[in-house]
Amino acid sequence: MNTEIETIIAAGTADDKVWGPTLKAFIEKASGSYNFPELLQGSKRKDFWKALLHIAKHSQDPCVIRDCFVVMRLLSREKQCLAELINEEWRDLIKKHSGLCDPNFEFSEQKTPICIEVQKSLSNIMFNSRGLAEDFRTNGILTGLQRRIRDYENEKIPDEVRFFDMKLFFLITALSSDARSDMKSMFDLLVNLLVEELREAADNHFEHEDLPPLYLMDTQVDLVNEILKALFNITVGTDESDAEVLVSCYSLVEVLRSYLLICSNNLEKTWALRNNVINLLTNMPDETYKALLLPVHEGHRVPNNLVFEDYNMTAIYEILMFLKAKFNDQLKINNQHEILSPVVTVLLKGASGHRVIRKFLRNHILPPLTDVHTRPEEGSTLRNHLCRLLTTPIMELRDLDAELLFVLCKKSVSRMIKYTGYGNAAGLFAQRGLLGGGHIKGEDDFSSESENSETEEYADHKHGINPVIGCYEEPHPSAMENMSEEQLMDSLMKCGTIKPCTVGADGKPKPIDHILQLREALPAQQVRNVDEDSD
């Protein structure tokens, strides 16, 4: 790679015929590199960036200009000196070729590839330099991004450009709290973009009847995922006391319900879509979760197992299936919080605020007990997985999990013990001051209607269920059965449980070797006691 670097540095007075092949050779060798030790010698890094800028400014070949930004993207994988190297001239070129600061920018066969490479470079630069991310917020890039997104319906903008626009939106709002505030005004527009993508998902089915009713192509899924991530950033800390905000969030949750049902050709992308929907739901007020339910009217074709109290529960069921899939992935402990906390949070918010959701979840997570011989944390059901989480060392996840199960048990201590075992639930009980049982504030908030879960098998074995481990335990034979007192004492002595003594002549305890020595020493002890009691 040194040869190409030296050639680019020395090629300042050359032309496109020299620049083009040299840049391509560098790109081919550097495409898999994430650091460039060759640039550490002297001022070579600064000289290389300066030469690259010269080529980008003076080249007349769109392919050469594009390759300059490809090289910039590769070099910006390194954080070193980025803020210094991306000077005002580079920033002006970025504005020019990205089209973000030019309302009259027209995409063409020559301009579009350059624009896409500039966007990719911007993504790397902002990710690796918070200072530059903040600078791009104030130098017109963010304003231009807002303008172009608003014009999506009016302009013919390539899909790949739209995708990287939303990626930039996500990055800049993730890195800058001021940008998040600036972009909150984009909420309704982003929701409208999601609605438009839903229409396209339905159109895909009408054009190809063999596809599911809602189907997204891979490029469409990629764009939707970036929109969802951008919405997540600007809805962090949503003001739930604002009535207008609640209405807007309710409308968004209605849209998210449909996205929980969407399919695509790529299973990995579909799961990523579900994950981003669930992440966004964690920012939504509890009251809006009712929008996840759809009333079932006569003529609606909904599987019987997904109809509950006249509601279509498909969206909630899909969230449960997402949770089960993540459990089946057998996550490492250090990944549990990031992957499981959002979906457990969504289930908890839904169960806490809506009776229908709570009862549906209870039926699937804590169904009537039929297997009373297996510990609650052993097995592959949702109940088993969630009971195992009660003892995870990840405290925040453990508390979320315990709260979810407690809500599903209607905050009843006895019901929680029944389904999880006292040992697994002890942490929750200790936090709530319930180790000795009793009632908790909020338990009476739940309906008093019967939710009998005592199956015939449970009733038959109830007398033998150990509440600590949460399952039936065979009676243990008594270790003292058929043993005389001497045999019992001798057994306890042999295992070291006790060490009998007699009182010696000096009045101090004196260990004995066999239980019979107690009997031999008893008459002498009695005589001594009589003598001491006599006047």
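The structure displayed is predicted, hence computed values, not measured ones.
- At a threshold of 4.5 Å between non-hydrogen side-chain atoms, the residues Val253 and Lys290 do not count as touching.
- Listed for the Asn424 side chain is a donor-acceptor partner under 3.5 Å among the backbone atoms of Thr420.
- Using bins of under 30°, 30° to 60° and over 60° for the plane-to-plane angle, the ring pair Trp271/Phe322 lands in the tilted bin.
- Two residues are said to be in side-chain contact when any heavy atoms from C-beta on lie closer than 4.5 Å; Leu190 and Met166 meet this criterion.
- No more than 12 heavy atoms of other residues, nucleotides or ligands lie within 6.0 Å of CD in Glu396, so this atom counts as exposed by the packing criterion.
- Residue pairs that meet the salt bridge (charged side-chain N to carboxylate O under 4.0 Å, His left out) test with at least one member in residues 125-134, sequence neighbours left out, are Glu134-Arg137.
- Taking a 6.0 Å sphere around CG of Asp310, one finds it holds 12 or fewer heavy atoms contributed by other residues, nucleotides or ligands.
- Listed for the Asn283 side chain is a donor-acceptor partner under 3.5 Å among the backbone atoms of Phe232.
- By the 4.5 Å heavy-atom criterion applied to side chains, Arg383 and Leu369 are counted as neighbours.
- Taking the side chain as every heavy atom from C-beta outward, Arg415 and Leu366 never approach each other to under 4.5 Å.
- At distances below 3.5 Å, at least one donor-acceptor pair connects side-chain atoms of Tyr259 with backbone N or O atoms of Leu194.
- For the atom pair Leu404 CG and Arg358 CZ, the distance stands at 11.5 Å (nearest 0.5 Å).
- A donor-acceptor pair under 3.5 Å is absent between the side-chain atoms of Asn312 and the main chain of Val296, judged by distance alone.
- For the pair Thr381 (side chain) and Asn384 (backbone), a donor-acceptor distance under 3.5 Å is present.
- The side-chain tip of Arg162 points at the ring of Tyr152 from less than 6.0 angstrom away and within 45° of straight on.
- With a 4.5 Å cut-off on side-chain heavy atoms, Asn124 and Leu82 do not count as touching.
- For the atom pair Asp399 CG and Leu428 CG, the distance stands at 8.0 Å (nearest 0.5 Å).
- At distances below 3.5 Å, at least one donor-acceptor pair connects side-chain atoms of Thr282 with backbone N or O atoms of Asn279.
- Atom CZ in Phe169 sits 13.5 Å away from atom CZ in Arg148 (nearest 0.5 Å).
- With hydrogens and angles left out, the side-chain atoms of Asp218 and Asn266 include no donor and acceptor closer than 3.5 Å.
- To the nearest 0.5 angstrom, Ser352 atom OG is 12.0 Å from Phe406 atom CZ.
- In this structure, Thr238 and Cys249 have side chains that are in contact, with non-hydrogen atoms separated by less than 4.5 Å.
- Counting only distance, with no hydrogens or angles, the side chain of Arg180 and the backbone of Thr173 share a donor-acceptor pair below 3.5 Å.
- Counting non-hydrogen atoms of neighbouring residues, nucleotides and ligands closer than 6.0 angstrom, the NZ atom of Lys79 reaches no more than 12 such neighbours.
- For the 3.5 Å distance criterion, the side chains of Ser176 and Asp178 fail to qualify, holding no donor opposite an acceptor.
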Pair Leu142, Phe136 - check side chain to side chain contact (heavy atoms under 4.5 Å, CB included), show working. CA-CA 6 Å; Leu142 183 63; Phe136 288 133; over 6 Å; no
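- At a cut-off of 3.5 Å, with distance as the only test, a side-chain donor of Asp165 or Gln119 sits close to an acceptor on the other residue.
- Between the Ser129 side chain and the Met126 main chain, no donor and acceptor come within less than 3.5 Å of each other.
- Inter-residue side-chain proximity for Val407 and Lys411 is flagged as met; some heavy-atom pair is nearer than 4.5 Å.
- The closest side-chain heavy-atom distance from Leu347 to Leu408 is not below 4.5 Å.
- Residues meeting the side chain to side chain donor-acceptor pair (under 3.5 Å) test with Lys269, sequence neighbours left out: Asp222.
- For the salt bridge (Lys or Arg N to Asp or Glu O under 4.0 Å) test, no residue two or more places apart in sequence or in another chain qualifies with Asp159.
- Inspection of the Thr392 and Gln336 side chains reveals an N or O donor paired with an N or O acceptor under 3.5 Å.
- Counting non-hydrogen atoms of other residues, nucleotides and ligands closer than 6.0 Å to CZ of Phe127 gives a total of 12 or fewer.
- Between Glu254 and Arg257 no salt bridge is recorded (no basic side-chain N to carboxylate O distance below 4.0 Å).
- Counting heavy atoms of neighbouring residues, nucleotides and ligands inside a 6.0 Å radius, atom CD of Glu378 exceeds 12 of them.
- Proximity of a side-chain donor or acceptor of Arg274 to a complementary backbone N or O of Ile262 within less than 3.5 Å is detected.
- Judged by distance alone, with hydrogens and angles left aside, the side-chain atoms of Asn204 form a donor-acceptor pair with the main-chain N or O of Tyr215 at under 3.5 Å.
- Using the six-membered ring where Trp is involved, His354 and Tyr289 have ring planes that are parallel, under 30° apart on the 30 and 60° scheme.
- Residues Arg388 and Gly379 come closest through the heavy atom pair NH1-O, 3.0 Å.
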